[in-house]
Amino acid sequence: MGSNAILVVGGGFSGITAALEAAEVGHEVFIVEKNPFLGGRVMQLNKYFPKLCPPSCGLEIQFQRIKNNKRVKFFTQAEVVKVTGRPGDYEVTVKIRPRYVEPGSVNLAETAEKLSKDIVNEFDFGLGTRKALYMDVPFAFPNRYVLDKERCTKEDLETLSGADVVNLGDAPKEIVLSVGSIVYATGWKPYDVTKLTNLGAGAIKNCVTNMQLERLAAPSGPTKGNILRPSDGKAPRSVAFVQCAGSRDENHLNYCSYICCMASLKQAAYVREAYPDARVTIFYIDLRTPGRYDNFAKKVLADDRVTTVKGKVAAVAEDVGTGDVILTVEDAVTGIKSDNRFEMVVLATGMQPSNAGEHLPVDVPVDEMGFIVGGEEKGIFAAGCAATPLDVMKSAQSATGAAMKAIALVRGR
(Lines give C-alpha, C1' and ligand atoms only; values in the text may rest on other atoms or scores of the structure.)
Protein backbone atom coordinates (compact mmCIF):
# COMPACT_ATOMS: atom_id res chain seq x y z
CA MET A 1 0.00 0.00 0.00
CA GLY A 2 2.82 2.41 0.83
CA SER A 3 3.05 5.52 2.97
CA ASN A 4 3.19 9.27 2.40
CA ALA A 5 5.07 9.80 5.66
CA ILE A 6 8.73 10.82 5.66
CA LEU A 7 11.43 9.84 8.13
CA VAL A 8 14.20 12.31 8.97
CA VAL A 9 17.21 10.77 10.70
CA GLY A 10 18.92 13.51 12.69
CA GLY A 11 17.42 16.45 14.56
CA GLY A 12 20.02 19.16 13.91
CA PHE A 13 19.44 22.25 11.80
CA SER A 14 19.33 20.25 8.55
CA GLY A 15 17.01 17.61 9.92
CA ILE A 16 14.63 20.14 11.43
CA THR A 17 14.57 22.12 8.18
CA ALA A 18 13.84 19.03 6.07
CA ALA A 19 11.11 17.91 8.46
CA LEU A 20 9.35 21.27 8.52
CA GLU A 21 9.52 21.68 4.75
CA ALA A 22 7.77 18.32 4.30
CA ALA A 23 5.27 18.80 7.13
CA GLU A 24 4.20 22.24 5.99
CA VAL A 25 3.06 20.87 2.63
CA GLY A 26 0.97 18.16 4.28
CA HIS A 27 3.20 15.17 5.05
CA GLU A 28 3.46 13.36 8.33
CA VAL A 29 7.11 13.50 9.40
CA PHE A 30 9.08 11.60 12.02
CA ILE A 31 12.37 12.99 13.36
CA VAL A 32 14.68 10.47 15.03
CA GLU A 33 17.49 12.07 17.07
CA LYS A 34 20.09 10.13 19.07
CA ASN A 35 20.71 12.93 21.58
CA PRO A 36 18.29 14.04 24.33
CA PHE A 37 17.61 17.36 22.58
CA LEU A 38 17.11 18.67 19.05
CA GLY A 39 19.43 21.33 17.61
CA GLY A 40 22.60 19.42 16.77
CA ARG A 41 25.95 21.20 16.47
CA VAL A 42 24.36 24.64 16.05
CA MET A 43 23.21 24.46 19.67
CA GLN A 44 26.86 24.19 20.78
CA LEU A 45 27.96 27.37 18.98
CA ASN A 46 28.30 30.87 20.37
CA LYS A 47 27.31 32.41 17.03
CA TYR A 48 26.76 30.97 13.58
CA PHE A 49 27.00 32.14 9.98
CA PRO A 50 25.88 33.96 7.97
CA LYS A 51 24.34 36.55 10.32
CA LEU A 52 26.42 35.73 13.42
CA CYS A 53 23.26 35.08 15.42
CA PRO A 54 23.33 33.20 18.72
CA PRO A 55 21.92 29.67 18.22
CA SER A 56 18.83 30.44 20.29
CA CYS A 57 17.82 32.99 17.63
CA GLY A 58 17.37 30.54 14.76
CA LEU A 59 16.63 27.39 16.74
CA GLU A 60 13.86 28.82 18.92
CA ILE A 61 11.97 29.80 15.76
CA GLN A 62 12.37 26.27 14.41
CA PHE A 63 11.35 24.73 17.73
CA GLN A 64 8.21 26.88 17.78
CA ARG A 65 7.34 25.73 14.25
CA ILE A 66 7.64 22.12 15.40
CA LYS A 67 5.38 22.79 18.40
CA ASN A 68 2.76 24.36 16.14
CA ASN A 69 2.74 21.60 13.53
CA LYS A 70 0.96 18.41 14.55
CA ARG A 71 2.35 16.59 11.53
CA VAL A 72 5.85 16.60 13.04
CA LYS A 73 6.57 13.92 15.59
CA PHE A 74 10.03 13.59 17.08
CA PHE A 75 11.83 10.98 19.14
CA THR A 76 14.94 11.88 21.12
CA GLN A 77 17.38 9.42 22.70
CA ALA A 78 16.42 7.37 19.65
CA GLU A 79 18.19 5.40 16.94
CA VAL A 80 17.12 3.71 13.71
CA VAL A 81 18.21 0.07 14.07
CA LYS A 82 16.47 -1.63 11.15
CA VAL A 83 14.97 -0.66 7.80
CA THR A 84 13.03 -3.07 5.60
CA GLY A 85 10.87 -2.63 2.51
CA ARG A 86 11.21 -0.63 -0.66
CA PRO A 87 10.91 3.00 -1.86
CA GLY A 88 7.46 4.27 -0.94
CA ASP A 89 6.89 1.49 1.55
CA TYR A 90 9.51 1.21 4.31
CA GLU A 91 9.18 -0.21 7.80
CA VAL A 92 11.63 1.41 10.20
CA THR A 93 12.43 0.04 13.64
CA VAL A 94 13.47 2.71 16.13
CA LYS A 95 15.03 1.97 19.52
CA ILE A 96 14.37 4.63 22.18
CA ARG A 97 16.52 4.88 25.30
CA PRO A 98 14.79 5.83 28.57
CA ARG A 99 14.87 9.48 29.62
CA TYR A 100 13.82 8.79 33.23
CA VAL A 101 12.05 12.17 33.37
CA GLU A 102 8.34 12.50 32.69
CA PRO A 103 6.97 15.03 30.13
CA GLY A 104 6.59 18.61 31.24
CA SER A 105 8.76 21.68 31.69
CA VAL A 106 9.43 21.40 35.41
CA ASN A 107 12.67 23.13 36.43
CA LEU A 108 14.80 20.49 38.10
CA ALA A 109 17.90 22.66 38.62
CA GLU A 110 17.64 22.51 42.42
CA THR A 111 17.19 18.73 42.36
CA ALA A 112 20.18 18.37 40.05
CA GLU A 113 22.39 20.44 42.36
CA LYS A 114 21.64 18.08 45.23
CA LEU A 115 23.36 15.24 43.37
CA SER A 116 26.83 14.45 44.65
CA LYS A 117 28.62 13.32 41.52
CA ASP A 118 30.08 15.66 38.89
CA ILE A 119 30.35 14.20 35.38
CA VAL A 120 32.55 15.39 32.52
CA ASN A 121 30.29 17.39 30.20
CA GLU A 122 30.56 16.04 26.66
CA PHE A 123 28.41 18.91 25.37
CA ASP A 124 31.22 21.28 26.47
CA PHE A 125 33.83 18.94 24.96
CA GLY A 126 35.26 18.09 28.35
CA LEU A 127 35.87 21.68 29.47
CA GLY A 128 33.31 21.54 32.26
CA THR A 129 31.22 19.20 34.37
CA ARG A 130 27.53 18.59 34.88
CA LYS A 131 25.25 16.55 37.09
CA ALA A 132 23.61 13.30 35.99
CA LEU A 133 20.29 15.17 35.82
CA TYR A 134 20.76 17.89 33.24
CA MET A 135 19.65 20.07 30.33
CA ASP A 136 22.31 21.05 27.78
CA VAL A 137 21.27 24.71 27.35
CA PRO A 138 18.46 26.85 28.81
CA PHE A 139 16.59 26.94 25.47
CA ALA A 140 16.88 23.16 24.89
CA PHE A 141 14.04 21.41 23.06
CA PRO A 142 12.29 19.48 24.38
CA ASN A 143 12.61 21.74 27.43
CA ARG A 144 12.75 18.72 29.67
CA TYR A 145 15.56 17.38 31.80
CA VAL A 146 17.20 14.03 31.12
CA LEU A 147 18.79 11.66 33.62
CA ASP A 148 22.04 9.82 32.98
CA LYS A 149 20.99 7.06 35.37
CA GLU A 150 23.96 4.77 34.71
CA ARG A 151 26.31 7.45 36.04
CA CYS A 152 24.43 8.12 39.28
CA THR A 153 25.77 7.08 42.65
CA LYS A 154 23.59 5.09 45.04
CA GLU A 155 23.10 8.26 47.08
CA ASP A 156 22.06 10.17 43.94
CA LEU A 157 19.42 7.57 43.11
CA GLU A 158 18.04 7.84 46.65
CA THR A 159 17.83 11.63 46.27
CA LEU A 160 16.03 11.30 42.93
CA SER A 161 13.55 8.70 44.15
CA GLY A 162 11.62 11.45 45.89
CA ALA A 163 11.28 13.68 42.82
CA ASP A 164 7.74 13.51 41.39
CA VAL A 165 8.68 13.78 37.70
CA VAL A 166 11.65 11.40 37.85
CA ASN A 167 10.76 7.87 36.80
CA LEU A 168 13.65 5.59 37.72
CA GLY A 169 11.71 2.61 36.34
CA ASP A 170 11.61 3.99 32.80
CA ALA A 171 12.74 1.37 30.27
CA PRO A 172 13.98 1.15 26.67
CA LYS A 173 11.37 0.54 23.99
CA GLU A 174 11.09 -0.07 20.28
CA ILE A 175 8.59 1.36 17.82
CA VAL A 176 7.99 0.63 14.14
CA LEU A 177 7.28 3.46 11.71
CA SER A 178 5.81 3.17 8.21
CA VAL A 179 7.32 5.73 5.84
CA GLY A 180 7.66 6.26 2.11
CA SER A 181 11.07 7.93 1.99
CA ILE A 182 13.97 8.72 4.28
CA VAL A 183 16.16 11.81 4.71
CA TYR A 184 19.52 11.27 6.36
CA ALA A 185 20.53 14.50 8.12
CA THR A 186 22.93 13.02 10.62
CA GLY A 187 25.33 15.97 10.58
CA TRP A 188 28.99 16.06 11.52
CA LYS A 189 31.41 15.52 14.36
CA PRO A 190 34.74 17.26 15.03
CA TYR A 191 37.73 15.23 13.91
CA ASP A 192 39.30 13.40 16.84
CA VAL A 193 42.05 15.76 18.04
CA THR A 194 43.89 12.97 19.85
CA LYS A 195 44.90 11.60 16.44
CA LEU A 196 46.90 14.78 15.74
CA THR A 197 49.95 13.80 17.74
CA ASN A 198 52.16 16.53 16.28
CA LEU A 199 49.63 19.18 17.35
CA GLY A 200 49.41 18.32 21.01
CA ALA A 201 46.94 15.44 20.57
CA GLY A 202 44.53 16.98 23.07
CA ALA A 203 47.12 16.68 25.85
CA ILE A 204 48.23 20.33 26.08
CA LYS A 205 45.67 22.14 28.25
CA ASN A 206 45.87 25.55 26.61
CA CYS A 207 45.70 24.07 23.11
CA VAL A 208 41.97 23.72 22.45
CA THR A 209 39.84 22.84 19.43
CA ASN A 210 37.68 25.31 17.54
CA MET A 211 34.52 23.74 18.98
CA GLN A 212 35.92 23.98 22.50
CA LEU A 213 36.49 27.70 21.90
CA GLU A 214 32.85 28.04 20.81
CA ARG A 215 31.80 26.61 24.16
CA LEU A 216 34.17 28.94 26.04
CA ALA A 217 32.67 31.91 24.19
CA ALA A 218 29.04 30.79 24.60
CA PRO A 219 27.07 32.31 27.51
CA SER A 220 25.75 28.83 28.34
CA GLY A 221 29.27 27.36 28.30
CA PRO A 222 31.58 26.29 31.13
CA THR A 223 32.99 29.81 31.67
CA LYS A 224 29.70 31.69 31.10
CA GLY A 225 31.01 33.22 27.88
CA ASN A 226 34.47 34.22 29.12
CA ILE A 227 37.33 33.02 26.91
CA LEU A 228 39.79 31.77 29.53
CA ARG A 229 42.77 29.42 29.51
CA PRO A 230 41.72 25.96 30.71
CA SER A 231 44.92 25.51 32.72
CA ASP A 232 44.58 28.50 35.06
CA GLY A 233 41.42 30.42 34.13
CA LYS A 234 43.41 33.46 32.99
CA ALA A 235 42.51 35.70 30.05
CA PRO A 236 44.90 35.01 27.14
CA ARG A 237 46.85 37.98 25.78
CA SER A 238 48.04 36.11 22.69
CA VAL A 239 46.09 33.51 20.75
CA ALA A 240 47.08 31.49 17.68
CA PHE A 241 44.77 29.65 15.31
CA VAL A 242 46.15 26.62 13.47
CA GLN A 243 44.22 25.96 10.26
CA CYS A 244 43.63 22.59 8.57
CA ALA A 245 44.24 20.65 11.78
CA GLY A 246 43.69 17.22 10.28
CA SER A 247 42.04 18.51 7.08
CA ARG A 248 43.64 18.39 3.62
CA ASP A 249 45.88 15.67 4.98
CA GLU A 250 46.06 12.18 3.46
CA ASN A 251 46.80 10.76 6.91
CA HIS A 252 43.59 12.20 8.37
CA LEU A 253 40.84 14.00 6.37
CA ASN A 254 41.81 14.34 2.73
CA TYR A 255 39.39 17.19 2.01
CA CYS A 256 38.83 20.83 2.92
CA SER A 257 36.17 21.15 5.64
CA TYR A 258 34.85 24.33 4.01
CA ILE A 259 33.99 26.43 7.05
CA CYS A 260 37.13 26.15 9.23
CA CYS A 261 38.81 29.31 7.94
CA MET A 262 35.65 31.31 8.48
CA ALA A 263 35.20 29.80 11.93
CA SER A 264 38.72 30.91 12.94
CA LEU A 265 38.14 34.43 11.62
CA LYS A 266 34.88 34.56 13.57
CA GLN A 267 36.65 33.33 16.69
CA ALA A 268 39.46 35.84 16.19
CA ALA A 269 36.73 38.46 16.35
CA TYR A 270 35.46 36.88 19.60
CA VAL A 271 38.93 37.22 21.14
CA ARG A 272 39.50 40.80 19.96
CA GLU A 273 36.07 41.89 21.19
CA ALA A 274 36.66 40.32 24.60
CA TYR A 275 40.28 41.51 24.95
CA PRO A 276 41.11 44.75 23.13
CA ASP A 277 44.84 44.35 23.86
CA ALA A 278 45.11 40.72 22.78
CA ARG A 279 47.20 39.65 19.80
CA VAL A 280 45.85 37.07 17.35
CA THR A 281 47.83 35.13 14.72
CA ILE A 282 46.31 32.76 12.16
CA PHE A 283 48.60 30.14 10.60
CA TYR A 284 47.14 28.82 7.35
CA ILE A 285 47.80 26.87 4.16
CA ASP A 286 45.16 28.73 2.10
CA LEU A 287 42.72 31.16 3.66
CA ARG A 288 39.38 30.27 2.09
CA THR A 289 36.45 32.65 2.51
CA PRO A 290 33.83 31.68 -0.07
CA GLY A 291 31.26 34.06 -1.52
CA ARG A 292 29.67 36.54 0.86
CA TYR A 293 32.17 35.67 3.60
CA ASP A 294 34.96 37.54 1.85
CA ASN A 295 33.70 40.86 3.21
CA PHE A 296 33.63 39.48 6.74
CA ALA A 297 37.20 38.23 6.35
CA LYS A 298 38.36 41.64 5.15
CA LYS A 299 36.75 43.30 8.17
CA VAL A 300 38.44 40.94 10.66
CA LEU A 301 41.82 41.14 8.93
CA ALA A 302 41.70 44.94 8.88
CA ASP A 303 42.39 44.80 12.62
CA ASP A 304 46.09 45.55 13.08
CA ARG A 305 46.27 43.13 16.02
CA VAL A 306 45.15 40.22 13.83
CA THR A 307 47.92 38.84 11.62
CA THR A 308 48.11 35.90 9.23
CA VAL A 309 51.06 33.69 8.41
CA LYS A 310 51.03 31.36 5.43
CA GLY A 311 52.84 28.37 6.84
CA LYS A 312 52.55 24.87 8.17
CA VAL A 313 52.64 24.25 11.91
CA ALA A 314 55.06 21.35 12.33
CA ALA A 315 54.86 20.85 16.07
CA VAL A 316 53.15 22.05 19.23
CA ALA A 317 54.82 21.94 22.66
CA GLU A 318 53.99 23.17 26.15
CA ASP A 319 56.02 25.38 28.45
CA VAL A 320 55.25 23.50 31.65
CA GLY A 321 56.23 26.44 33.86
CA THR A 322 53.85 28.99 32.30
CA GLY A 323 51.30 26.84 30.47
CA ASP A 324 52.14 28.73 27.28
CA VAL A 325 52.07 26.88 23.96
CA ILE A 326 55.08 26.87 21.62
CA LEU A 327 54.38 26.46 17.91
CA THR A 328 57.12 25.43 15.50
CA VAL A 329 56.20 26.95 12.14
CA GLU A 330 57.80 27.11 8.74
CA ASP A 331 56.82 30.31 6.93
CA ALA A 332 55.89 29.30 3.37
CA VAL A 333 56.80 32.74 2.01
CA THR A 334 60.18 33.35 3.65
CA GLY A 335 61.14 29.73 4.25
CA ILE A 336 62.16 30.61 7.82
CA LYS A 337 61.42 28.06 10.52
CA SER A 338 60.78 29.50 13.97
CA ASP A 339 59.30 28.86 17.40
CA ASN A 340 56.40 31.09 18.40
CA ARG A 341 55.00 31.46 21.92
CA PHE A 342 51.28 31.98 22.62
CA GLU A 343 49.24 31.92 25.79
CA MET A 344 46.52 29.93 24.02
CA VAL A 345 46.24 27.99 20.74
CA VAL A 346 43.11 26.96 18.85
CA LEU A 347 43.21 24.00 16.46
CA ALA A 348 40.80 24.34 13.53
CA THR A 349 39.86 20.66 13.47
CA GLY A 350 37.86 19.50 10.48
CA MET A 351 34.30 18.28 9.99
CA GLN A 352 33.82 14.53 9.79
CA PRO A 353 30.42 12.97 8.99
CA SER A 354 28.79 11.65 12.15
CA ASN A 355 28.29 8.32 10.40
CA ALA A 356 32.02 7.84 9.78
CA GLY A 357 33.12 4.45 11.06
CA GLU A 358 29.54 3.37 11.80
CA HIS A 359 27.33 0.80 10.12
CA LEU A 360 24.16 2.30 8.66
CA PRO A 361 20.93 0.29 8.89
CA VAL A 362 20.16 1.22 5.27
CA ASP A 363 21.96 0.06 2.17
CA VAL A 364 23.33 3.31 0.75
CA PRO A 365 26.80 3.99 -0.65
CA VAL A 366 29.25 6.06 1.37
CA ASP A 367 32.68 7.29 0.35
CA GLU A 368 35.93 6.48 2.14
CA MET A 369 35.39 9.39 4.52
CA GLY A 370 31.88 8.32 5.50
CA PHE A 371 29.80 10.84 3.49
CA ILE A 372 26.62 9.46 1.90
CA VAL A 373 27.08 9.62 -1.88
CA GLY A 374 23.99 7.88 -3.25
CA GLY A 375 20.79 6.04 -2.41
CA GLU A 376 18.29 8.36 -4.09
CA GLU A 377 17.00 5.58 -6.34
CA LYS A 378 16.03 3.81 -3.10
CA GLY A 379 14.15 6.80 -1.73
CA ILE A 380 16.93 7.72 0.67
CA PHE A 381 18.30 11.26 0.48
CA ALA A 382 21.28 12.82 2.25
CA ALA A 383 21.04 16.38 3.59
CA GLY A 384 23.54 18.83 5.04
CA CYS A 385 26.85 17.56 6.38
CA ALA A 386 25.81 13.94 5.97
CA ALA A 387 26.63 14.54 2.30
CA THR A 388 29.43 17.13 2.37
CA PRO A 389 30.93 19.82 4.68
CA LEU A 390 28.67 22.90 4.72
CA ASP A 391 27.84 25.97 6.78
CA VAL A 392 24.44 26.38 8.42
CA MET A 393 22.87 28.34 5.57
CA LYS A 394 23.94 25.86 2.90
CA SER A 395 22.96 22.95 5.15
CA ALA A 396 19.44 24.37 5.31
CA GLN A 397 19.36 24.75 1.53
CA SER A 398 20.57 21.17 1.14
CA ALA A 399 17.88 19.99 3.55
CA THR A 400 15.17 21.76 1.57
CA GLY A 401 16.37 20.03 -1.59
CA ALA A 402 16.39 16.63 0.12
CA ALA A 403 12.88 17.22 1.47
CA MET A 404 11.58 18.13 -1.99
CA LYS A 405 13.05 14.91 -3.43
CA ALA A 406 11.54 12.85 -0.61
CA ILE A 407 8.13 14.47 -1.21
CA ALA A 408 8.36 13.89 -4.97
CA LEU A 409 9.08 10.21 -4.42
CA VAL A 410 6.14 9.51 -2.13
CA ARG A 411 3.76 11.51 -4.29
CA GLY A 412 4.91 9.96 -7.54
CA ARG A 413 5.08 6.30 -6.59
- With sequence neighbours excluded, tell me which residues meet side chain to side chain contact (heavy atoms under 4.5 Å, CB included) with Asp286. Arg248, Arg288, Lys310
- Task: Decide whether Thr186 and Ser354 meet the rule of one side-chain donor and one side-chain acceptor closer than 3.5 Å.
- Result: no
- Backbone N or O of Glu250 within a donor-acceptor pair of the Asn254 side chain at under 3.5 Å? no
- Query: Got a donor-acceptor contact below 3.5 angstrom from the Asn46 side chain to the Pro55 backbone?
  - Reply: no
- Item | Neighbour count >12 (heavy atoms, 6.0 Å) for atom CD, Glu110 | no
- Measure the acute angle between the ring planes of Phe37 and Tyr134, then classify it against the limits of 30° and 60° as parallel, tilted or perpendicular. perpendicular
- Which pair of non-hydrogen atoms, one from Cys207 and one from Val325, has the smallest distance, and what is that distance? N-CG2, 4.3 Å
- Query: Within a strict 4.5 Å, meaning less than it, do heavy atoms of the Arg99 and Thr76 side chains meet?
  - Reply: yes
- Given the rule in the side chain to side chain contact (heavy atoms under 4.5 Å, CB included) test, do Thr129 and Ile119 qualify, once you have shown the distances and angles that lead to the verdict? CA-CA 5 Å; Thr129 60; Ile119 298 166; over 6 Å; no
- With Thr281, which residues qualify under side chain to side chain donor-acceptor pair (under 3.5 Å), at least two apart? Thr307
- Message: Less than 3.5 Å apart, any donor N or O on the side chain of Gln267 or Glu214 sitting next to an acceptor on the other?
- Response: yes
- Query: Given the rule in the side chain to side chain contact (heavy atoms under 4.5 Å, CB included) test, do Leu253 and Gln352 qualify, once you have shown the distances and angles that lead to the verdict?
  - Reply: CA-CA 8 Å; Leu253 305 179; Gln352 189 175 26; 4.3 Å; yes
- Query: Can Asn206 and Ser231 be counted as having a side-chain donor-acceptor contact under 3.5 angstrom?
  - Reply: yes
- Task: Please name all residues satisfying side chain to side chain donor-acceptor pair (under 3.5 Å) with Tyr284, sequence neighbours left out, ordered by chain then number.
- Result: none
- Derivation of the side chain to side chain contact (heavy atoms under 4.5 Å, CB included) call for Ile282 and Val309: CA-CA 6 Å; Ile282 302 172; Val309 176; over 6 Å; no
- With sequence neighbours excluded, tell me which residues meet salt bridge (charged side-chain N to carboxylate O under 4.0 Å, His left out) with Glu33. none
- Applying side chain to side chain donor-acceptor pair (under 3.5 Å), which residue pairs with at least one partner in residues 381-398 are found, sequence neighbours left out? Tyr293-Asp391
- Validation row: Tyr145, Pro36 side chains within 4.5 angstrom (heavy atoms): no
- Under 3.5 Å, is there a donor-acceptor pair between the Ser220 and Arg215 side chains? yes
- Task: Please examine the side chains of Val316 and Val313, heavy atoms only from C-beta on, and report whether any two atoms are closer than 4.5 Å.
- Result: yes
Check: residues 370-385 side-chain donor-acceptor pairs under 3.5 Å, at least two apart:
{"from": "Glu376", "atom 1": "OE2", "to": "Lys405", "atom 2": "NZ", "distance (Å)": "3.1"}
{"from": "Lys378", "atom 1": "NZ", "to": "Asp363", "atom 2": "O", "distance (Å)": "2.8"}
{"from": "Lys378", "atom 1": "NZ", "to": "Asp363", "atom 2": "OD2", "distance (Å)": "3.0"}

- Query: Do we get Lys266 above Phe296's six-membered ring, with its NZ or CZ under 6.0 Å from the centre and within 45° of the axis?
  - Reply: no
- Query: Sequence neighbours excluded, which residues qualify as side chain to side chain donor-acceptor pair (under 3.5 Å) partners of Thr84?
  - Reply: none
- Message: Within a 6.0 Å radius of atom NZ on Lys205, are there more than 12 heavy atoms belonging to other residues, nucleotides or ligands?
- Response: no
- Task: With the side chain counted from C-beta on, respond yes when Pro236 and Phe342 share a heavy-atom pair under 4.5 Å apart, and no when they do not.
- Result: no
- Message: Show me the pairs that pass salt bridge (Lys or Arg N to Asp or Glu O under 4.0 Å) and involve residues 342-358, at least two apart or across chains.
- Response: Arg237-Glu343
- Message: Once side chain to side chain donor-acceptor pair (under 3.5 Å) is applied, do any residues pair with Asp232, and if so which ones, sequence neighbours excluded?
- Response: Arg229
- Task: List for me each residue that meets side chain to side chain contact (heavy atoms under 4.5 Å, CB included) alongside Thr334, sequence neighbours excluded, and say none if there are none.
- Result: Asp331, Ile336
- Query: Does CD in Glu102 sit with more than 12 non-hydrogen atoms of other residues, nucleotides or ligands closer than 6.0 Å?
  - Reply: yes
- Item | Beyond-backbone contact of Val183 with Leu7, side-chain heavy atoms, under 4.5 angstrom | no
- Query: Among all residues two or more places apart in sequence or in another chain, which pass the side chain to side chain contact (heavy atoms under 4.5 Å, CB included) test with Glu24?
  - Reply: Leu20, Arg65, Asn69
- Message: One thing to verify: whether Arg130 and Glu122 come together as a salt bridge, which I'm taking to mean a side-chain N less than 4.0 angstrom from a carboxylate O.
- Response: yes
- Item | Any residue meeting side chain to side chain contact (heavy atoms under 4.5 Å, CB included) with Val392, in chain and number order, not counting sequence neighbours | Phe13, Val42, Tyr48
- Message: Please determine whether the number of non-hydrogen atoms from other residues, nucleotides or ligands lying under 6.0 Å from atom NZ of Lys82 exceeds 12.
- Response: no
